Amino acid sequence: MHSTLVRIQNVFGFFTTVAFCLAILVALSVVSFPQSPSASLQLRNVQVVKGRPHYYSTKREEYAHVKFDLDMDLTSFFNWNTKQVFVYVKASYPSSSPSDPPSQAIIWDAIIPGVAAPWHHNQYVPPSSKPSGGKKSKSKPPQQPLTTTPGLLKLDNQRPKYQITDASGQLAERANATLELGWNIQPWVGLLSWSNWGGLATVKEIDGGRTEPFDFPDVVGQVKKEELKTEVGGEGNRGKPA
Amino acid sequence: MADAVLEKARDLFEGQIVSTPPPGDGHAGLMAASQDFEGQRLAELITTVVLTLTGIAAFLVGYVTQDIYQTLRIGLGGTALTFLLVVPPWPFFNSHSVNWLPPRGSVAGFDIEVDGKKVS
């Protein structure tokens with residue numbers, strides 16, 4: 001510690017040690033917050049239509065358009081070390097050949113920010129807090145947290161964000177499909193934890209969050225385009241200036 | 001002139017924890033400055049204690065207020081404080097100067113032998 005340079009090195013070196021230990025402590029402190037998620041997920045309406053994967057494609061595939069109701073309470077996921085929670089609704093249905101594992105596809109997702117997370121345009125804005133003028137009104141994005149208690153969400157007759165199809169292109173009249181709520185908790189410091197992680201005793205199995213099995217209907221001939229609109233999330237702005 | 005300026009700049013940059021001999025010692029040229037080992041030990045102790053306390057306080061305050069930004073602020077603030085306390089050569093680091101023994105005789109009086117021959 002005899003010269004300035006040595007002292008700077010010494011202080012900085014010990015600072016990195018302290019910062020690392022602090023980060024470990026913060027990551028481990030998550031264990032002390034019991035998690036008790038609960039959700040109710042209901043299928044509202046499902047339609048199967050023929051379509052193309054993109055405009056110039058000659059391939060015709062069957063697309064399922066699933067509407068659902070969701071009432072979830074994930075408030076127990078939000079503690080001081082939660083940056084955001086990625087929530088998704090996953091449809092799983094048996095594959096065309098019985099020997100294959102079931103297929104899974106996400107039909108809707110959202111990024112729910114924690115209280116301390118800075119505003120970002122990819123974050124989910126609940127329908128109630130959307131400006132009434134629709135998309136065209138370029139109102140200021142909320143600079144403050146959307147709610148003081150993030151994790152509460154009630155969606156009624158929610159349109160999907162993604163229409164799903166099967167690898168075979170055939171989805172109509174597929175039986176025994178379910179919708180399931182999944183999530184990924186992203187902390188400021190520490191490990192990501194997925195819904196099927198279950199590594200800790202304080203993480204309770206979710207209460208509900210899965211629909212009764214349903215069948216995909218036959219292809220419908222004429223549907224109004226309005227019916228088949230998908231919900232564009234915040235990340236629909238990707239690539240455009242925020 | 002240029003040498004003196006350079007010398008000052010180097011001292012400022014190095015910021016050694018040293019004690020300068022009192023003026024009029026007569027040996028300023030020989031040992032311009034002696035190390036203050038007590039001061040260096042104190043600097044080391046301050047680094048360890050302040051940074052450790054900062055880490056503990058940052059965690060506790062953040063946990064109690066449930067705000068990770070408090071942890072960040074306290075942690076970085078405490079680190080800045082430690083840098084401020086330790087890095088500049090504050091006078092209190094130089095309060096335990098090493099007392100050197102007085103030189104015996106003069107430089108010319110030394111007998112230096114190399115291979116049995118006397119070298120002036």
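Since this is a predicted model, take the numbers as computed values, not measurements. All chains are named by letter (A, B, ...) in the order of the sequence lines, taking the proteins before the strands, and each is independently numbered beginning at 1.
Contacts from residues 2-9 of chain B to chain A, taken as heavy-atom pairs separated by less than 4.5 Å, involve no residues at all. Using a 4.5 Å cut-off between non-hydrogen atoms, no part of residues 159-167 of chain A approaches chain B.
When each of A:L22, A:V6, A:N10 is checked for heavy-atom pairs under 4.5 Å with chain B, A:L22 comes out on top. Heavy-atom pairs under 4.5 Å with chain A peak, among B:Q70, B:R41, B:E44, at B:E44. With chain A as the partner, the residue from B:T71, B:I46, B:V50, B:T54 showing the most heavy-atom pairs under 4.5 Å is B:T71.
Ring planes of B:F59 and A:W80: perpendicular class, angle over 60° (limits at 30 and 60°).
Only the side chain of B:L76 has a heavy atom closer than 4.5 Å to any heavy atom of chain A. Of the two parts of A:V26, the backbone and the side chain both hold a non-hydrogen atom closer than 4.5 Å to a non-hydrogen atom of chain B. For B:T65, no part lies under 4.5 angstrom from a heavy atom of chain A.
A heavy-atom distance below 4.5 Å is not found between the side chains of A:R7 and B:F93. Taking the side chain as every heavy atom from C-beta outward, B:T52 and A:F14 approach each other to under 4.5 Å.
Interatomic distance, SG of A:C21 versus CG of B:L51, reported as 11.5 Å (0.5 Å rounding). Between the OG atom in A:S29 and the CD atom in B:Q66 there is a gap of 8.0 Å [rounded to 0.5 Å].
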Check step by step if side chain to side chain contact (heavy atoms under 4.5 Å, CB included) holds for A:F15 and B:T82.
CA-CA 9 Å; A:F15 160 69; B:T82 315; over 6 Å; no
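Residue A:R44 qualifies as enclosed at atom CZ: its count of foreign heavy atoms under 6.0 Å is above 12. Counting non-hydrogen atoms of other residues, nucleotides and ligands closer than 6.0 Å to OH of B:Y69 gives a total above 12.
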